[in-house]
> 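Before I ask anything, let me first share the structure, which is written out below as structure tokens.
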Number of protein chains: 2
Amino acid sequence: MIRVAVVGYGNIGRYALEAVQAAPDLELAGLVRRQTSLGSPLPELTNVRTVQDVTELGKVDVALLCVPSRVAPQLAEEYLWKGIHTVDSYDIHGELADYRQTLDPLAKQNSAVAVISAGWDPGTDSMVRALMEFMAPCGITYTNFGPGMSMGHSVAAKGIKGIKDALSITIPIGTGLHRRMVYVELEDGVPLEQAAEAVKKDPYFAQDETYVIPVDDVQALMDVGHGVCMERKGVSGQTHNQHFQWEMRINNPALTSQVMVAAARASMKQRPGAYTMLQIPLLDFLPGDPDELIRRLV
Amino acid sequence: MIRVAVVGYGNIGRYALEAVQAAPDLELAGLVRRQTSLGSPLPELTNVRTVQDVTELGKVDVALLCVPSRVAPQLAEEYLWKGIHTVDSYDIHGELADYRQTLDPLAKQNSAVAVISAGWDPGTDSMVRALMEFMAPCGITYTNFGPGMSMGHSVAAKGIKGIKDALSITIPIGTGLHRRMVYVELEDGVPLEQAAEAVKKDPYFAQDETYVIPVDDVQALMDVGHGVCMERKGVSGQTHNQHFQWEMRINNPALTSQVMVAAARASMKQRPGAYTMLQIPLLDFLPGDPDELIRRLV
């Protein structure tokens, strides 16, 4: 059994505990949280070993870093130095290639494996983009997100003065463009026009068609369902008009943590180094005998 | 440049020539055909070096075996013994795992790489099946083929006594079940009822809802367009109701040969041995600098 520590207990961490426990070849070593001593232990964690330092968990093969992207790189380094494999769902698209290059020598030096950006975008969507591209090398791929809550946009809207709480929903309008529906709870006396203008000027929203809608209770609208529709029309060899489409409707944190669990398994089968999901064979993400899997899936 | 020989000039071989010529990192070494001396050379092949034996082509890195599945294994062995990588689109699902195991030691012994079953099913569909399964390990995947021509079923129908020519179209009726629409040209005096009964009793058709329709000219109905719709509803971690769908509408031989070209490229990046597409990282199927690809696709 592969011994796995879940690090962090936010949205992803909660689902990661479930996903590790559901995996036939993974064993939960425990949960690592910064503030285990604060307040009384959560009732759902009574049967989960919870510690502040991973070394308290004994042998740990892989750590699932269920933390915000900005924090992940430093944490990954700490774990790799301990010789523990790491999996994160680092989602800053513009920086992940450099991040991988930073971790790669460190992982090799410690005979460990890091799998970065193991979520659905980046992650499994990236795999589908690569698949579509080698099936039709010439053409355009559109990634259409939603409908679903955008965490980054919601946090950005919530950070605007006069907005007490916010939920930004991403609506696909085709060809990779999106409309933002931003539901806001305003501070007393703040006019909607003022808040709406501030939202629309924010860099997160400035490029997109954005609607700001006042509501009494943002929490009453919360739903972690999300989705994507990726499309490519392109050319295979010299034959045009080849059409491909990938679509999913999913619980967002449940899928992210499931992908991280699959990447944890895959990390055990790679040579030391840092990897994106594109650099790991699909078979390695699945449990069981390779020849049996080939017989069943190919 | 990777030097590639196309072996065989049937449906797939024709498109493979185009796909090799369209690839930025591949160079066509030539075409290997059994019957180069029969008749006058085909006009479209005037600029293609055509030989009967691959050794006449000088250095060849990879051979694309564009031949029927029953012939592929023996041919793969011949080429591997010469130290030439092989790519085939072997499509007998029940036998491909054993076929890979047979080629694997042979490939290793000759420091060569064989990529088997590199088409769309088996092939890219297999990759999607693996992807869907690690995203939602519990659940059911349905592979719905068509609408499109089934080569195997057409050949089977054509082989029945009293049928001069036949085209079998696969129609998806959902949940992985298919209807067969069989268009037949009958020999003079053969009653439709008799031919239809024979078709429906054939092992290729016996399990499916099958319609036999007489036509004057089967060739006038030929279209190599095909498609698939794969669906999975399953459980990520312990969260149910996750939905995934992969759909494509494609020119069948154009896609198959394009996938073979991508596999030829990937073969150059693997250690000696025999592989299915599930055992090769997605990145290896694409041309270009890996870090640049990661930056663009992940």
Side-chain angles (χ1 to χ4, degrees), chain A residues 15-16 18-19 21-23 93 96-97 100-101 117 120 122-124 126-131 133-138 235-239 241-251 254-255 257-259 261-262 276-283 285-287 290-291 293-295 297-298, chain B residues 15-16 18-19 21-23 93 96-97 100-101 117 120 122-124 126-131 133-138 235-239 241-251 254-255 257-259 261-262 276-283 285-287 290-291 293-295 297-298:
Chain A
Y15 283 94
E18 291 186 354
Q21 285 164 329
H93 285 266
L96 60 84
R100 191 198 69 80
Q101 286 182 323
S117 305
W120 56 271
T124 47
S126 319
M127 298 177 99
V128 173
R129 275 190 287 272
L131 182 73
E133 191 163 312
F134 80 65
M135 295 172 83
C138 188
V235 185
S236 303
Q238 295 172 32
T239 301
N241 203 30
Q242 306 279 77
H243 288 255
F244 308 91
Q245 186 176 294
W246 166 256
E247 193 169 356
M248 61 180 194
R249 303 290 155 206
I250 45 86
N251 173 314
L255 178 58
S257 60
Q258 174 62 55
V259 172
V261 155
T276 61
M277 294 180 79
L278 292 191
Q279 298 166 280
I280 297 174
L282 273 157
L283 205 60
F285 293 96
L286 289 162
D291 279 305
L293 289 167
I294 289 169
R295 223 170 283 279
L297 292 172
V298 179
Chain B
Y15 283 93
E18 292 186 353
Q21 284 164 328
H93 286 267
L96 60 85
R100 192 198 68 82
Q101 286 182 324
S117 304
W120 57 271
T124 48
S126 319
M127 298 178 99
V128 174
R129 276 190 286 271
L131 183 73
E133 189 162 314
F134 82 67
M135 295 173 83
C138 189
V235 185
S236 303
Q238 295 172 31
T239 301
N241 203 32
Q242 306 280 78
H243 289 253
F244 308 90
Q245 187 176 294
W246 166 257
E247 194 169 355
M248 61 181 193
R249 304 286 155 209
I250 44 87
N251 174 313
L255 178 59
S257 60
Q258 173 62 56
V259 172
V261 156
T276 61
M277 293 181 79
L278 293 190
Q279 298 166 281
I280 297 174
L282 273 157
L283 205 59
F285 292 97
L286 289 162
D291 280 306
L293 288 167
I294 289 170
R295 223 171 284 279
L297 291 172
V298 180

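The sequence lines fix the lettering, A, B, ..., with proteins before strands; numbering per chain opens at 1. Predicted model, so just to flag it, every value in this text is computed and none were measured.
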> Return the option, out of A/R129, A/Q238, A/M277, A/Q101, with the maximum number of heavy-atom pairs under 4.5 Å with chain B.
A/Q238

> Under a 4.5 Å heavy-atom cutoff, which of B/V235, B/V128, B/T124 has the most pairs with chain A?
B/T124

> Chain B: which of A/L293, A/I294, A/V261 shares the most heavy-atom pairs with it under 4.5 Å?
A/I294

> I'd like to know which of A/H93, A/M127, A/Q21 tops the heavy-atom pair count under 4.5 Å against chain B.
A/M127

> Quick one: what part of A/I280 sits under 4.5 Å from any heavy atom of chain B, side chain, backbone, both or neither?
backbone

> CG of B/L297 to CG of B/L283: how many Å apart, nearest 0.5 Å?
8.0 Å

> Rounded to the nearest 0.5 Å, how far does CD of A/Q279 lie from CZ of A/R100?
4.5 Å

> Heavy-atom pairs under 4.5 Å with chain A - which of B/E247, B/Q242, B/R295 has more of them than the others?
B/Q242

> Measure distances from B/T276 to the heavy atoms of chain A and classify the residue's part below 4.5 Å as side chain, backbone, both or neither.
side chain

> Could you check which of A/P122, A/A19, A/A97, A/A23 has the highest count of heavy-atom pairs closer than 4.5 Å to chain B?
A/A97

> Measuring from A/I250:CD1 to A/W120:CH2, what's the distance to the nearest 0.5 Å?
5.0 Å

> Please classify the contact of B/F285 with chain A as side chain, backbone, both or neither, using a heavy-atom distance under 4.5 Å.
both

> Kindly compute the distance separating CD (B/Q245) from CZ (A/R249), expressed to the nearest 0.5 Å.
10.0 Å

> Do B/W246 and B/L131 have side-chain heavy atoms sitting under 4.5 Å apart?
no

> To the closest 0.5 Å, what do you measure between CE (B/M135) and CG (A/L255)?
4.5 Å

> Among A/S236, A/G123, A/G237, which residue forms the greatest number of heavy-atom pairs with chain B at distances under 4.5 Å?
A/S236

> If you look at every heavy atom in B/A130 and A/L282, which pair is closest and at what distance?
CB-CB, 4.2 Å

